[in-house]
Amino acid sequence: MKRYNPKDIEPKWQRTWAEQNLYAAIDFDSRPKYVMLTEFPYPSGDGLHMGHIREYTYGDILARLKRMEGNNVLYPMGYDAFGLPTENYAIKHRISPQAATERNINTFQSQLESMGYGIDWMRSFRTTDPAYYRWTQWLFLQFFKEGLAYQAEVAINWCPHCKTGLSNEEVINGRHERCDTLVEKRLLKQWLLKITQYAECLLEGLKHVDYPHRIADQQVNWIGRSEGAEINFYDINDEQKKQPITVFTTRPDTLFGATFLVLAPEHPLVSSVTRINHKDTVNAYIKQAQSKTEIERQSEERDKTGVFTGSYAVNPVTSEKIPIWIADYVLGGYGTGAIMAVPAHDERDWEFANKHRLPITRVIKNDDPDDMCTTKPGVMMNSGNFNGMKSAEAIPAIISLVEKEGFGSKKVQYKLRDWIFSRQHYWGEPIPIIHCPDHGAVAVPYNQLPVELPEVAHYEPTDTGESPLSAISDWVNTSCPECGGPAKRETDTMPNWAGSSWYYLRYYDPRNDQEFADPKKLEYWGEVDLYLGGMEHTTLHLLYSRFWHQFLYNQKLVPSPEPYAARRGQGIILAADGSKMSKSKGNVVNPSDIIDSGYGADALRLAIAFLAPYDQTTPWSPESVAGTHRFLQRVWVLTQESLDPSKQGLGEQALEDKIRRATHRAIKNVTEDINHLNFNTAVSALMEFVNELYKLKEQDHFANRLAWNFAITKLLQLIAPFAPHIAEELWSQSGNQGSIHTSQWPEYDNDLLIEGVVTVVVQVNGKLRGTIEVKRDMPEAEVVAQAKVQPRVAAYLKDHAINKAVYVKNRLVNFVLS
RNA sequence: GCGGAUGUGGUGGAAUUGGUAGACACGCUAGCCUUAGGAGCUAGUGCCCUCUGGGCGUGAAGGUUCAAGUCCUUUCAUCCGCACCA
């Protein structure tokens, strides 16, 4: 009998599966399709980490189950290879980003293969391949054609370390999420995608997909929809009402309490509103505000600084003269960059008014004391005709007044900003635009796509905010597609979120050089059935790709409005001590080391599955692989013993029933658990099954041949999604034809699960005093009678009358004593 | 501040959804066995006690119930996301 040694079997089966192309997804196959998508990796220089392994192992388990259940499964993999980390890696190692990418992908590929994932490698691609980014560029031009890609001079988040602009989503606490450098503001001409136009769509779409609350709520939060009104105020000297100062408010009901206006320092009207004798203080304030980084603004504990402009506006409903102030607690980028301040009903305005001794008018009466700021609803006061009205009713009432009088309108406002789509870097998709002095920004004609990234000697980013591409004059200088005159190429590249915004669609038709994908194939594969990924991409990749997809749907380029029917996010694996794994701490666990150490990929896969609920952040325990390896050995030994030809014959019927029942129970538990993504309890169900089989073996010695064949066959099939190599090996050793992974998933018979005898718990006053074994469905009176004579129970009943006996069928008797 | 979670043995985690708390593992203890290994097997392992029995026990405090890890109220702690968003 051969010993279980993963090194003998894992590489062998990996080769065999590849030769057979076992995991190929077949276009237009008549079986039901199932698209199991996991986020494709960014091929960094460090190789796969445990987070990847967790994600892809879960994906593989599900894909294998769905395949065995008779689906045409697409479980694909690619590489998201453009972006800063590779560029930085290349600079550090003095190689080209192309070479760095090649090197890193090779590492990733061999690591993924060593895990035995059932991936359709024929469909793999990388985003940096011109044959792929040709279509990323083509899709960008669709946005451009529709006016959803535009250029604007914007104050952007600039990372001085990476020397590039960043999107809002990439800035975390004022720092670049990748390198942790403090982000500065810079004014640069940038490409933007008008994601704000899809704010409502993106919210609406969430109602029709199966996302965890946590993720959906986060997106809703990020989009930040609020309803209110825009109201125009006018400078007291602007009698012609030429120059409105528009504010946004969610509380039109407090309009009568607006006692001053505040403009953000960036507000375009600041200089025109500021009086001569206030210019110096205002300018000084603005300068100071501009020099602050986000972090500094936050670290000042929200101290409400501000300066008076010397001007006054008129409150349109009270006709009162109210001062106009400038303060950085008003954000330039949200709403109109100006607010009406209602200190009695907004805590920030309250704080500001108190600090700068500005008037406060209470307009809503409620439980809160009159001399305090209150944001709660109540009854209107100091509000003219609206007095006595409920504040909730006053909101629409005042909006209609404002609309009637023509100084404002109802308005829905979003926190979401347009997506800054330019990066001043080499290693990205060139933006396929040509700038002509006469025709402005012109799309590169489709037949000239892809605009290939030229090979260059220097790809280090520049300090000027210009892409390194701008130095390559024979690439930059070209002719205008409109007029043929001299023109220049756009030198900014796309962010690394570009290629990942549509990659799943390319798996449906990866080699197409006529279209980004054949519409018939898009129709066949449809929505991704399940998308597994990290929680950290909720407001980046996940939101961006939904935006792209919704746009493509509106362009009739894809058949469904949402890309992913269901989304789940796996938890993070921490180091054994509960801290985050990081290179600097030196506590990173390398999955390849675990495989190479002799435990093998199967044990590692099982350990990952067994670790914790899939969505839970949890520490890695190195010993767990030893445990799952031990389990696989037990499976190996049990199967080998059962194959021994000397063991044959017929055994006791009672034992045969037990073997069969245990098998059906295992099938039920494992099937249900995987379908609910309860991988950890699925593994424990497998372990219980094996433990049970070992006990039965002691009694039966494989005498019930048919039952044992049945049990072992099903056991191997149930293990197959988790530990595909050992399952395939033992399947083959058992004389089965074909791969276990294309065999039909076992089914269970519910009737066979039911045992004739049940254990009934007996309680006295709610406390457990004993158990009795009774026939299933025995009449209540008989069970209670039997429970009363249970020796320990009887002792309690002796001196007391029974008030009540609670009976739960086949489960429990509780005697309540007086 | 807003939004989302999570608190169960020494550890990772189970618990049929209100019905035997701690499944399954890791670790540990004792014993057995062996071509001494990263083995294997058997037994034990929530805490406490006057130990063939009994008491206590799911972050804390109340409550509902014959019965609560599970439901309700209050509270504490930790983690994640957003954050002067008018």
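Just so it is clear: chains get the letters A, B, ... in the order the sequence lines come, proteins before strands, and each one is counted from 1.
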remark   = H537(A) meets the side chain to side chain donor-acceptor pair (under 3.5 Å) criterion, sequence neighbours left out, with E39(A)
message = Please report whether the ring centroid of F610(A) lies less than 6.0 Å from that of F679(A).
response = no
ask   = Salt bridge check: are D368(A) and K376(A) linked by an N-O gap of less than 4.0 Å?
value = yes
request  = Please tell me which of the listed nucleotides, G4(B), C56(B), A86(B), lies nearest to the side chain of D217(A)?
outcome  = G4(B)
request  = Among the candidates A86(B), C84(B), G55(B), find the nucleotide nearest to the side-chain atoms of T249(A).
outcome  = A86(B)
request  = Using a 4.0 Å heavy-atom cut-off across all strands, classify F815(A) as base, sugar-phosphate, or nothing.
outcome  = nothing
ask   = At under 4.0 Å between heavy atoms, what does W222(A) touch on the DNA or RNA strands: base, sugar-phosphate, or nothing?
value = sugar-phosphate
Output a table of nitrogen or oxygen pairs between the protein and nucleotides 19-25 of chain B separated by less than 3.5 Å.
from	atom 1	to	atom 2	distance (Å)
G19(B)	N2	Q763(A)	OE1	3.3
A23(B)	O2'	E688(A)	OE2	3.3
A25(B)	OP1	N691(A)	OD1	3.4
A25(B)	OP1	N691(A)	ND2	2.6

P613(A), nearest nucleotide to its side chain (from A14(B), C26(B), A86(B)) = A14(B)
message = Does R417(A) reach a base, just sugar-phosphate, or nothing at all? Heavy atoms under 4.0 Å.
response = base
inquiry  = Under 4.0 Å, heavy atoms only, any strand: does A626(A) hit a base, just the sugar-phosphate, or nothing?
reply    = nothing
ask   = Could you spell out the base pairing of RNA chain B in dot-bracket, with Watson-Crick or G-U pairs whose two distances are under 3.5 Å, [ ] crossing and | to another strand?
value = (((((((..(((......[....)))((((((.......))))))((((...))))..(((((..]....))))))))))))....
task = Remember a base hit wins even if backbone is also touched, and classify F260(A) as base, sugar-phosphate or nothing at under 4.0 Å, heavy atoms.
result = nothing
request  = Identify whether the glycosidic angle of G9(B) places it syn (within 90° of 0) or anti.
outcome  = syn
message = Between H800(A) and Y796(A) (judged by ring centroids, cut-off 6.0 Å), do the two rings come close enough to count as a pair?
response = no
Would you tabulate the nitrogen or oxygen pairs shorter than 3.5 Å linking the protein to nucleotides 44-50 of chain B?
none

task = Name the closest nucleotide to the Q633(A) side chain, picking from C84(B), A39(B), G4(B).
result = A39(B)
query = Between W636(A) and Y4(A), how do the two ring planes meet: parallel, tilted or perpendicular, split at 30° and 60°?
reply = tilted
request  = Using a strict 4.0 Å threshold on nitrogen-to-oxygen distance, state whether R3(A) and D8(A) make a salt bridge.
outcome  = no
ask   = So, for H356(A) and F260(A), is the gap between ring centers shorter than 6.0 Å?
value = no
query = How about E672(A): does its CD atom have over 12 heavy atoms from other parts shown lying under 6.0 Å from it?
reply = yes
request  = Please work out whether C76(B) sits syn or anti, treating a glycosidic angle within 90° of 0 as syn.
outcome  = anti
key: Partner residues of D577(A) under the side chain to side chain donor-acceptor pair (under 3.5 Å) criterion, sequence neighbours left out   = S579(A)
ask   = Looking at C84(B), does its base get a donor-acceptor pair with the side chain of K304(A) below 3.5 Å?
value = yes
ask   = Looking at the angle O4'-C1'-N9-C4 for a purine or O4'-C1'-N1-C2 for a pyrimidine, is U34(B) syn or anti, with syn meaning within 90° of 0?
value = anti
request  = Could you check which of G12(B), G81(B), A86(B) has an atom nearest any side-chain atom of L611(A)?
outcome  = G12(B)
message = Is the terminal nitrogen or CZ of K304(A) (NZ for Lys, CZ for Arg) located under 6.0 angstrom from the six-membered ring centre of Y329(A) and within 45° of that ring's axis?
response = yes
ask   = What residues form a side chain to side chain contact (heavy atoms under 4.5 Å, CB included) with K804(A), not counting sequence neighbours?
value = V806(A), V816(A)
More than 12 heavy atoms of other groups within 6.0 Å of K585(A) NZ = yes
